[in-house]
Amino acid sequence: MKRVVTAAILIPIVLVAVFRAPLWLLTGMVAVVALLALQEYLTIAEGHGFQSFRPLTMMLSILMFGVVAWSGSKANPSGFAVLLSFVFYFMLAPFVFLSAGMMRKDLRSVLPGAAASYFGLPYVSMSLACVVFLRMVAGGWFFLLFTFCCVWLGDTAAYYVGRSIGRFKFAPRISPKKTWEGAIASVLASVLIGIVLVHFAPEINRGLLSIGLLTAREFFIDTPLWIPAVAALLINVAAQMGDLFESLIKRGAAIKDSGTLLPGHGGILDRIDALLFAAPVALILFGVFVDKFLQMP
């Protein structure tokens with residue numbers, strides 16, 4: 001029951017932010033989620049015996065979202081400048097961690113701690129930044145809705161089908177409750193919702209305009225339905241891999257939930273683990289093939 005109530009509260013907030021929040025506000029909200037998830041990830045890393053650089057990791061994550069906010073504040077942001085900023089950022093970060101490690105007494109903890117802290121930046125922060133970048137794409141609200149629905153519906157189908165008829169274990173050493181039946185149901189649910197969303201995209205656009213959640217009309221083209229089916233399939237597979245990866249690192253640290261912030265769901269990382277893998281895949285798919293869905297100017 002707690003799981004349902006938590007979802008009923010959070011999902012409308014997320015959707016309103018996707019449809020209506022200014023880009024700076026969406027970036028700030030995503031940054032807060034990233035910081036909370038990073039805290040949980042570093043706790044898991046410390047459960048593996050790594051002494052992380054927690055304050056530095058938080059500061060570098062905030063810096064990264066500052067770059068994201070800067071790029072979003074430009075009318076026509078230079079993709080090259082943003083890319084160069086991130087390349088410099090990820091090249092600089094290891095030296096920041098290792099330099100801080102020079103002040104530690106136990107020098108054997110420096111390299112493992114720096115590696116674990118550094119990994120959290122692309123795993124959590126950069127993956128969530130893809131949500132903001134996807135919103136910047138033409139029709140970004142729709143592509144975010146598509147991605148979230150594929151993740152949410154897939155996760156729900158896997159949970160209930162796996163519990164009711166699941167027999168064949170999917171990854172027993174990593175996540176004993178996951179089954180092949182649940183995984184297949186997850187894929188089918190994602191593909192189905194992806195096809196439905198694209199088929200009714202113009203009607204969804206008009207409906208959201210009529211209630212004030214959108215301010216501009218998008219001109220959707222007649223997309224062959226195999227295209228959203230393939231997109232939903234790839235996003236779902238990425239989401240399931242994200243879920244499995246978090247289970248992997250939690251099991252290695254002998255931790256059941258990443259936190260207790262969300263009743264019925266565990267921690268923030270437990271709730272967004274699938275999105276961390278799905279969002280980058282969605283950004284690549286829709287960023288490159290946006291003209292397959294929208295009439296571009």
Side-chain angles (χ1 to χ4, degrees), residues 10 14 17-18 23 26-45 52 54 56-72 79 82-83 85-91 93-94 115-137 140 143-152 154-155 190 231-232 234-250 258-259 261-262 265-288:
L10 290 180
V14 171
V18 166
L23 199 56
L26 179 65
T27 303
M29 294 172 68
V30 172
V32 170
V33 172
L35 291 176
L36 292 172
L38 262 180
Q39 289 279 12
E40 295 176 355
Y41 159 75
L42 292 173
T43 298
I44 294 173
S52 68
R54 191 177 291 256
L56 273 179
T57 309
M58 299 295 112
M59 290 173 58
L60 287 170
S61 182
I62 292 170
L63 175 63
M64 194 207 71
F65 278 100
V67 174
V68 174
W70 168 80
S71 64
V82 175
L83 177 62
S85 297
F86 279 111
V87 169
F88 178 75
Y89 169 81
F90 282 112
M91 288 178 64
S117 299
Y118 179 72
F119 179 76
L121 298 175
Y123 173 49
V124 177
S125 301
M126 189 62 212
S127 294
L128 286 179
C130 289
V131 171
V132 181
F133 285 130
L134 188 55
R135 168 70 181 278
M136 296 180 191
V137 174
F143 297 129
L144 278 176
L145 176 65
F146 186 103
T147 303
F148 286 145
C149 285
C150 286
V151 172
W152 293 338
D155 179 64
S190 292
L234 294 174
I235 290 170
N236 178 274
V237 170
Q240 294 200 53
M241 291 301 296
D243 194 356
L244 277 174
F245 178 78
E246 199 227 359
S247 296
L248 171 69
I249 61 174
K250 285 192 301 183
S258 66
L261 191 59
L262 301 176
H265 290 277
I268 292 290
L269 196 58
D270 293 322
R271 187 63 273 164
I272 66 168
D273 54 1
L275 185 63
L276 294 180
F277 278 39
V281 171
L283 178 61
I284 293 170
L285 288 173
F286 296 128
V288 174

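Just so we're clear, the structure is a prediction, and the values are computed from it rather than from any experiment. Position 1 is the first residue of the sequence, and the numbers go up from there.
For the atom pair L269 CG and L42 CG, the distance stands at 10.0 Å (nearest 0.5 Å). Atom CD1 of residue I249 and atom CG of residue D273 lie 9.0 Å apart, to the nearest 0.5 angstrom. Taking CE from M136 and CZ from F143, the interatomic distance works out to 15.5 Å, rounded to the nearest 0.5 Å.
Closest heavy-atom contact between L23 and R135: CD1-CG, 3.7 Å. Here the shortest heavy-atom pairing between G120 and L38 reads O-CD2, 3.5 Å. When all heavy atoms of I268 and A37 are compared, the pair lying nearest together is CG2-CB, 3.9 Å. Residues F277 and A238 approach most closely at CB-O, 3.0 Å, considering heavy atoms. The two residues V124 and A34 have their closest heavy-atom pair at CG1-O, 3.6 Å.
Between Y89 and V67 the shortest side-chain heavy-atom distance does not fall below 4.5 Å. For the pair V68/V30, no side-chain contact is recorded, criterion being any heavy-atom separation below 4.5 Å from C-beta on. Between Y118 and L60 there is no side-chain heavy-atom pair separated by less than 4.5 Å.
Listed by chain and residue number, nothing satisfies the side chain to side chain donor-acceptor pair (under 3.5 Å) test with T27 (two or more places apart in sequence, or in another chain). The side chain to side chain donor-acceptor pair (under 3.5 Å) search around N236 returns S186, S190, Q240, not counting sequence neighbours. With sequence neighbours left out, the ring pair (Phe, Tyr, Trp, His ring centres under 6.0 Å) criterion links F146 to F286. Partners of A239 by side-chain contact (heavy atoms from CB on, under 4.5 Å), not counting sequence neighbours, listed by chain and number: V151, A274, A278. Partners of T43 by side chain to side chain donor-acceptor pair (under 3.5 Å), not counting sequence neighbours, listed by chain and number: R54. For V18, the side-chain contact (heavy atoms from CB on, under 4.5 Å) test picks out V14, W141, L144, F148, with sequence neighbours left out. With sequence neighbours left out, the side-chain contact (heavy atoms from CB on, under 4.5 Å) criterion links L234 to V230, V281, L285. Partners of L248 by side-chain contact (heavy atoms from CB on, under 4.5 Å), not counting sequence neighbours, listed by chain and number: I174, F245.
Residues in residues 236-247 take part in these salt bridge (charged side-chain N to carboxylate O under 4.0 Å, His left out) pairs, two or more places apart or across chains: K178-D243, E246-K250.
In terms of modelled atom types and a separation under 3.5 Å, the side chain of Y41 and the main chain of A116 share a donor-acceptor contact. Side-chain N or O atoms of D270 include one that pairs as donor or acceptor with a backbone N or O of G267 at under 3.5 Å.
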For residues 125-134, please give each side-chain donor-acceptor pair under 3.5 Å, one per line with the distance, not counting sequence neighbours.
unit_1	atom_1	unit_2	atom_2	d
S125	OG	S61	OG	2.7
S127	OG	P122	O	3.0
S127	OG	Y123	O	3.0
S127	OG	L276	O	3.0

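In this structure, M241 places its CE atom where only 12 or fewer heavy-atom neighbours from other residues, nucleotides or ligands lie under 6.0 Å away.
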